[in-house]
Each structure stands twice: as structure tokens, then as C-alpha cells.
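Accompanying notes for the structure given below.
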Amino acid sequence: MDIVHIGKAKTVYRTENRDEYLMEFRDDVTAFNGKRKTTVPDKGRYNAQISARLFELLEQHGVATHYKALAGDGRMLVKAVEIIPLEIIARNIAAGSVVRKYPFKEGQRLIPPVLVIDFKSDAYGDPMLNDDLIRALRLATEEELATVRELTLRVNAILKDYLNKRGLLLPDFKLEFGKARDGKILVADEISCDTCRLWLKESGQSVDKDVFRYERGDLITAYEEAAKRILH
Ligand code: TMP
Ligand code: ASP
């Protein structure tokens with residue numbers, strides 16, 4: 001099959017239908033712009049299942065996504081989109097890079113949520129953007145930017161509520177958006193343990209990629225626990 005894109009953890013293929021792509025969630029795990037990497041069997045399957053469930057949830061709440069269907073282990077059929085090269089991060093609780101770079105305390109609640117937009121570019125190390133840079137680099141129009149900000153806040157409210165009922169806190173997560181052939185902006189990429197911080201409400205334990213980033217134990221045990229809560 002013809003490859004559209006090979007990322008650090010996913011491969012996107014063309015299909016016979018020009019409006020549809022097949023996304024393969026691989027078992028590769030990387031962190032810190034690929035400086036740390038390994039392969040963990042079953043990771044791709046868990047991320048595909050979790051993403052599918054969360055995309056379905058968003059669709060149920062009227063948020064349009066690229067999701068069409070799961071297509072076997074670790075594979076997902078999606079609408080063909082052109083990815084907007086922005087990583088929109090919503091933060092509800094301070095953790096990760098925001099604690100390293102700014103005087104926030106780990107675990108500090110961020111009310112209202114803090115949105116941060118990074119440039120999706122491995123070559124430049126995903127630097128943080130602002131409105132002027134986004135405009136000057138022509139990464140998105142003013143209107144698209146307003147849309148993705150508003151959608152990210154809506155997605156945050158929907159995910160936070162759903163996860164909270166399943167005993168999970170959502171400190172932060174990253175979204176990517178794509179433009180479909182008809183010009184509509186859709187939530188794209190994935191929403192999984194690789195792209196969300198998830199903490200068990202009872203213990204504060206991480207059940208996301210921080211387990212790998214900061215060597216906090218067995219990755220697949222953590223992803224399995226997250227999947228158990230999110231899928232049921
Ligand atoms: P950060 O604290 O490292 O900036 O990460 C914030 C959130 O974004 C966290 O949930 C992980 C997610 N994320 C990605 O999905 N991809 C990335 O490349 C990075 C840096 C973070
Ligand atoms: N930056 C991503 C992360 O840490 C993955 C990577 O950059 O290799 O989540």
C-alpha cells in the first residue's frame with residue numbers, strides 16, 4: 001500500500017478510496033523528540049482502541065473527527081485530511097514541560113485550562129508558537145486558529161468529564177487537526193495514552209507515556225489499566 005506519512009509511532013496509508021486513509025498504530029514508543037525509543041508489543045492495539053473510543057465519544061457530542069472505524073488490531077480507517085502542523089495542548093493540571101519551563105508546581109490545578117500551541121516539526125523540535133508566528137509562518141488562518149482553540153476547549157470538557165467518571169484525571173493532552181477535502185476542520189491524529197497525561201484518581205499514578213518518559217514502571221501494564229477504564 002502507498003504510504004502517505006511515516007511518523008514516530010504511526011504509519012498512514014492510502015486506500016482505494018481517495019477520501020479514506022488507513023492509520024497503523026505501531027508498537028514503537030519514542031520520547032523527547034526521538035532521543036529515547038523502544039518497541040512495546042500491544043501498545044499500538046491499545047492506543048488504537050482508546051483513540052477509537054474517544055473519537056466516538058467526541059462524535060456523540062457533536063465534535064467532528066477523522067475517525068471512521070477500527071480495521072483490525074492497531075488499525076483505523078480515517079477520513080483523508082491534510083494535517084495542520086500545530087500541536088494544540090490543553091492543560092488542566094501542571095505537569096511535564098510546563099513545570100520544567102515555568103514556575104508551576106507539579107499537580108497545581110490550572111483553572112481555566114491553559115492552551116499551548118506548538119509547531120509540529122521534528123526538524124525544529126516542536127517549538128512553542130504564538131499568534132504572530134503562526135501568521136508569519138502561514139501555518140493556519142485566523143479563522144482556523146479560532147476554530148481549533150474553541151474545539152480544543154470543547155474536547156477538553158468532554159474528555160475530562162468522561163475520564164473523571166472512570167477514575168482518571170486528565171492533566172493535559174495534545175490534539176492535532178486536519179482539513180478534509182471539503183475544507184472542514186476535523187480532530188485528527190490520535191487521542192491515546194501517548195498523547196494524554198492520565199493519572200489514577202485514587203493514587204495519582206501515571207497510566208500514560210510518562211511511564212516510559214520518566215521510567216515509572218511497565219508501560220503496557222499502565223496502558224492496559226487506562227484501556228480497562230476507558231473502554232468499559
Ligand atoms: P509536555 O508536558 O511534554 O509539553 O506534553 C504535554 C502533553 O502533550 C502531554 O499530554 C503529552 C502530549 N505530547 C504529545 O502528544 N506529543 C508531543 O510531541 C509532546 C511533546 C507532548
Ligand atoms: N515528543 C513526543 C513525546 O515525548 C515523542 C517524541 O518526541 O519522540 O511525547
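Whatever order the structure lists them in is the order used to number ligands and atoms, beginning at 1. Position 1 is the first residue of the sequence; numbering continues from there.
The aromatic rings of Phe55 and Tyr67 sit parallel, their planes meeting at an angle under 30°, below the 60° perpendicular limit.
For ligand 1, the atoms closer than 4.0 angstrom to any heavy atom of Gly96 are 2 (O). Every atom of ligand 1 is numbered from 1 in the order shown, and the set under 4.0 Å from a heavy atom of Ala95 is 2 (O). Near Asp126, meaning under 4.0 Å from any of its heavy atoms, are these atoms of ligand 1: 18 (O). Within ligand 1, the atoms closer than 4.0 Å to a non-hydrogen atom of Phe173 are 10 (O), numbered from 1 in the order shown. Residue-ligand proximity, Thr195 to ligand 1, at heavy-atom distances under 4.0 Å covers atoms 10 (O), 12 (C), 15 (O).
Contact analysis puts Arg91 in contact with ligand 1, with a non-hydrogen atom separation below 4.0 angstrom. Judged by the shortest distance from any of its heavy atoms, Pro171 lies outside the 4.0 Å radius around the atoms of ligand 1. For the ligand labelled ligand 1, residue Arg100 lies outside the 4.0 Å heavy-atom shell.
Between Asp126 and Asn33, the side chains place no donor N or O within less than 3.5 Å of an acceptor N or O (distance only, hydrogens not considered).
Surrounding CD of Glu143 are at most 12 heavy atoms belonging to other residues, nucleotides or ligands under 6.0 Å away. Annotation: Lys68, atom NZ; neighbour count of heavy atoms from other residues, nucleotides and ligands within 6.0 Å is above 12. Around the CD atom of Glu82, the shell of radius 6.0 Å holds no more than 12 heavy atoms that belong to other residues, nucleotides or ligands. The number of heavy-atom neighbours closer than 6.0 Å to NZ of Lys201, taken from other residues, nucleotides and ligands shown, is above 12.
Counting heavy atoms under 4.0 Å from ligand 1, residue Val116 does not touch it at all.
Taking all heavy atoms of Arg213, Arg197, Lys101 into account, the minimum distance to atom 21 (C) of ligand 1 is reached by Arg213.
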For this session: Could you give me the CA-CA distance, side-chain angles and deciding distance for Lys120 and Asp189, then say whether salt bridge (Lys or Arg N to Asp or Glu O under 4.0 Å) is met?
Result: CA-CA 12 Å; Lys120 180 179 162 62; Asp189 193 53; 5.4 Å; no
